[in-house]
Number of protein chains: 2
Amino acid sequence: MPEQWTSETAHRRAPAATQEDVARELGISRTLVSLALRDRPGVSASMRQRILETADRLGYRRNSLAAELAQRQRTAVGLHLLDAHNDVYTTILSSVQAVIAPAGRRLVLAVNSRSGRDDPQPRNTLLEANVGVIISATSVAPDDEVRALNRILPVVLVARRVEGVDSVYVDHDVGARAAVEHLAGLGHTRIAHLTGPSFEGHTQRRAGYLEAMRSLGLTPEIATNPGFAREEAFGAARALLDRPASERPTAVFTHNDELALAVREAAADLGLRVPEDLSVVGFDNSRAAGLTGVDLTTVDIRGDELGRAAAEAAIRRLEHPGVPPLQRGFTPSLVVRRSTAPPRGV
Amino acid sequence: MPEQWTSETAHRRAPAATQEDVARELGISRTLVSLALRDRPGVSASMRQRILETADRLGYRRNSLAAELAQRQRTAVGLHLLDAHNDVYTTILSSVQAVIAPAGRRLVLAVNSRSGRDDPQPRNTLLEANVGVIISATSVAPDDEVRALNRILPVVLVARRVEGVDSVYVDHDVGARAAVEHLAGLGHTRIAHLTGPSFEGHTQRRAGYLEAMRSLGLTPEIATNPGFAREEAFGAARALLDRPASERPTAVFTHNDELALAVREAAADLGLRVPEDLSVVGFDNSRAAGLTGVDLTTVDIRGDELGRAAAEAAIRRLEHPGVPPLQRGFTPSLVVRRSTAPPRGV
DNA sequence: CTGAAAGCGCTTACAG
DNA sequence: CTGAAAGCGCTTACAG
C-alpha cells in the first residue's frame, strides 16, 4: 500500500474480528468459540449464548477458507464455462447456483477467455482456488485430458460423456437425427450443417447429422465455423448461403443456437426469409431461441435440468468421494417453432 | 465418508503435493521452495531449477487460499448478481471476468436465489469466502445497507450510485427521458410505464419517466410488476394492455428489457402487433433486444463497459485501499430499432 | 464443560 | 544463499 494513502483514515477498514478476538473479549479459549459458533456439543448453553452475542457485537465473520484449510476439506464447487455470452451456459450457471447456494457452498467461476478455444487458465484458477470438484461445461478438452484432470480433482461433465468421469450427458446424436428427420419430413433434401471447431467433445452432433443424412439417402454438406459464438459466425453463415437458389441449401441445421442466430442474420442480410426461403434448426434451446420474433426450431438439451443434475452430482462426489462414476443421460427433444417450413415449391 | 466406500480404491485420489513434499524430496527447507515457486530473490539459480522440476514432477499445485491466509491478503473478487437469467447481468459477468481473470484473481460468484427480492445469502457467502472486494450488480439493498457493507468490505456498485461507495453508475433518468421523448416525438400521448419492485436503487428510471411525462404535459400511468424477470411479468403486462383501444396505452416504456419482452408477448397474445398497434421501449440493451426478430428499441446502458469499469475499480480498490471513492458515470443512449412507430392514425 | 497444543499449506521476518 | 521459527484463522484430538 503506497505511503500516500496512509493518512486517509476515512477509507480505512478495521480488520475483521476473529475467533481469537471473541475469545479474548470473553477471557476464554478459542476452542470454545469455535465449537459454539458451529453449534457443536461441548459448550454449556449459557456460554454458547454469551459467545454468540459477543461474536455478533464484534461483527465476527467466519473465514470459511481458513476453516476449510483446518478441516483438510474442499467444499467449494468450481464451475468452468466455455462462454458466458451463450445463454445455454448462463442457464446452466443459474441452475447450478440454485443447487449449490442452498447447500451452503461457494461457487468459484472460471470462463474461457476466448470462446471456442482451449484455455488453460480457468482450469488452473480452479485448481488453485482449492475447489473440491469442477463442474465442466466446456467440451473443448480431449477425453484423455479430462480423465487426467479427474485423477487430480473430481470432474463433473455437463452435456458430455467420458467413461470413468461423472457425466451428465446428452445424446447429441439422437437430437441431431431428430432435427434432420424433421427437415427431411418437411421435404428438404439440401440440408446443410454448420458446425463449430472440431473438439473431441463436440463431434456427436455432426456425427448424428451425417448418419441421418446417409440413412435418408441425402448428400451431406458441412460448413465449419472457427468458433461457437454468434458474433463470429456471420461470415461463415453468409458464405454458406450466398449462391444461386438452385445450389443453395434449403435448410441449415447448426451446431448450436448461436450459429443458428447467425444464419438467420445472414439470411436476412441476403434478403432470404426464414422459413419461406430457408429453414433453420438450432441446437440447445437457449433462451434466445424461444423469444417471440426469434421462434427458432431447435433441439432442447434441457440446460436447466443438466445444470441441476450436474450440481447434485458434484455434491454427491464431495460427500462420497469413493462412489463409482455417475453416467446420467438425458434425451434431447426437438422443439418445433417457426423457423422451419417446407421448401419452396413443395 | 461412509465405510462402504473405503475399499473402492479405484476412485481414490492421492492428496495433492504440498511445498512440504517438495522440500522433503529435495532435503531442503520449505522457505526455499516457497521463494523459488514465486520467483522471489534469495534462491540460487540451480536450486530454483531443481525445485521447479521437482514441483512439476510431484504435480504440485499452489493452494492460493493458504497463501492468502499467510499473506493476510484478500485478493479474490466477489461478484453479486441479481439474476443470472437476465442477459444484462451475464454481459456484466463476462466483462468482469475478462478483466479479473487476466489479472490472475479468482472470481467468486453469488446470485440471488429469487429474482427481484433481497436475499442475505449471497452477501454472506461472499463475506465468508474472504473476497477482498464485492462488485455488486444488484440494486436491491437500501443505500444505508450498501454503506454499511462498504464499511466492512469495499463495495463497487454497478449501474448505481451511492455517495461514499465506489460507483460505476448510469444516469438512468437521462435514459428514461430519452425514451419518453422518442415516443412523444412519434406522436404518442398515452405512454405507460411498467416498473418493477420499488427498491431504493431502482427508482431513477421511473423518476425520469415521471419527470419527462410531466414536462411534456402528458399524464403518466405506472403499472408495477412484482419482479424484474420476463417469466413473471406476463400477467402484469397483459393486464396493462387488456382494455378497449381507446383507453389502452399506445406505447409502453418498461423498467428493463425483460419486462419489455413480456409486454411483447402479452401484445402478441392479445393480437396486438408491435409496433403497429403498440410501441415498446425497453431499458438495458440486453443481448436479446438486439436479436433479429426482436429488434427492441431500448436504452443502452453499455453493460460491457460497465462491467469492465467495475472490475477495474475493484482491482484499484484492492491495490490502493485508501484511495477516495470512485464515482464514474456513463450516459445511456437510446437505440432505436423496430419496436417503436407512430401510433395508429398519426 | 473448558483449555493447551498441534496442525492445515502457506509466507515472512530473522539468523546464520 | 539457506533454514528454523512464528503466524494467518481456523479445527481437532487430547487432557483435565
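Hydrogens, waters and symmetry mates are skipped; everything else that's a heavy atom, side chains included, is used. Proteins come first, then strands; the chains are lettered A, B, ... in the order of their sequence lines, and each starts at number 1.
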Check the distance between [N]'s [atom2] and [X]'s [atom1] and give it to me in whole angstrom.
X: B:Leu32; N: C:dC10; atom1: CG; atom2: P; value: 15 Å
X: A:Glu20; N: D:dA6; atom1: CD; atom2: P; value: 16 Å
X: B:Asn63; N: D:dC8; atom1: CG; atom2: C1'; value: 13 Å
X: A:Ile51; N: D:dC10; atom1: CD1; atom2: P; value: 14 Å
X: A:Gln49; N: C:dC1; atom1: CD; atom2: C1'; value: 17 Å
X: A:Gln73; N: C:dG9; atom1: CD; atom2: C1'; value: 16 Å

How would you label the contact of [X] with the nucleic acid (heavy atoms, under 4.0 Å): base, sugar-phosphate, or nothing?
X: B:Leu65; result: nothing
X: A:Arg61; result: sugar-phosphate
X: B:Arg48; result: nothing

Can you tell me which stems DNA chain C forms when a stem means 3 or more consecutive Watson-Crick or G-U pairs under 3.5 Å?
C:1-3 with D:14-16, C:5-12 with D:5-12, C:14-16 with D:1-3
Generate the contact string for nucleotides 11-16 of chain D. Rules: B means base contact, S means sugar-phosphate contact only, - means no protein heavy atom under 4.0 Å.
BBB---
Residues B:Arg38 and B:Ser34: side-chain donor-acceptor under 3.5 angstrom
yes
What is the distance from atom CD1 of A:Ile135 to atom CG of A:Leu306, rounded to the nearest 0.5 Å?
11.0 Å
I'd like to know if the side chain of A:Ser95 and the backbone of A:Asp304 have a donor-acceptor N/O pair within less than 3.5 Å.
yes
Among B:Val88, B:Asn112, B:Val111, the one residue meeting side-chain contact (heavy atoms from CB on, under 4.5 Å) with B:Leu82:
B:Asn112
Using the side-chain contact (heavy atoms from CB on, under 4.5 Å) definition, which of the options A:Leu157, A:Val165, A:Val133 pairs with A:Asn150?
A:Val165
With sequence neighbours excluded, tell me which residues meet side chain to side chain donor-acceptor pair (under 3.5 Å) with B:Arg161.
B:Tyr169
Looking at A:Arg147, I'd like to know if its CZ atom is crowded, meaning that more than 12 non-hydrogen atoms belonging to other residues, nucleotides or ligands lie closer than 6.0 Å.
yes
Are more than 12 heavy atoms, taken from residues, nucleotides or ligands other than A:Arg48, located less than 6.0 Å from that residue's CZ atom?
yes
Residue-phosphate contact under 4.0 Å: A:Ser44 side-chain N/O, C:dC1 OP1/OP2:
no
Think B:Thr18 has a side-chain N or O under 4.0 angstrom from the OP1 or OP2 of C:dG9?
no
Do B:Ile134 and B:Val156 come within less than 4.5 Å of each other through their side chains, counting heavy atoms only?
no
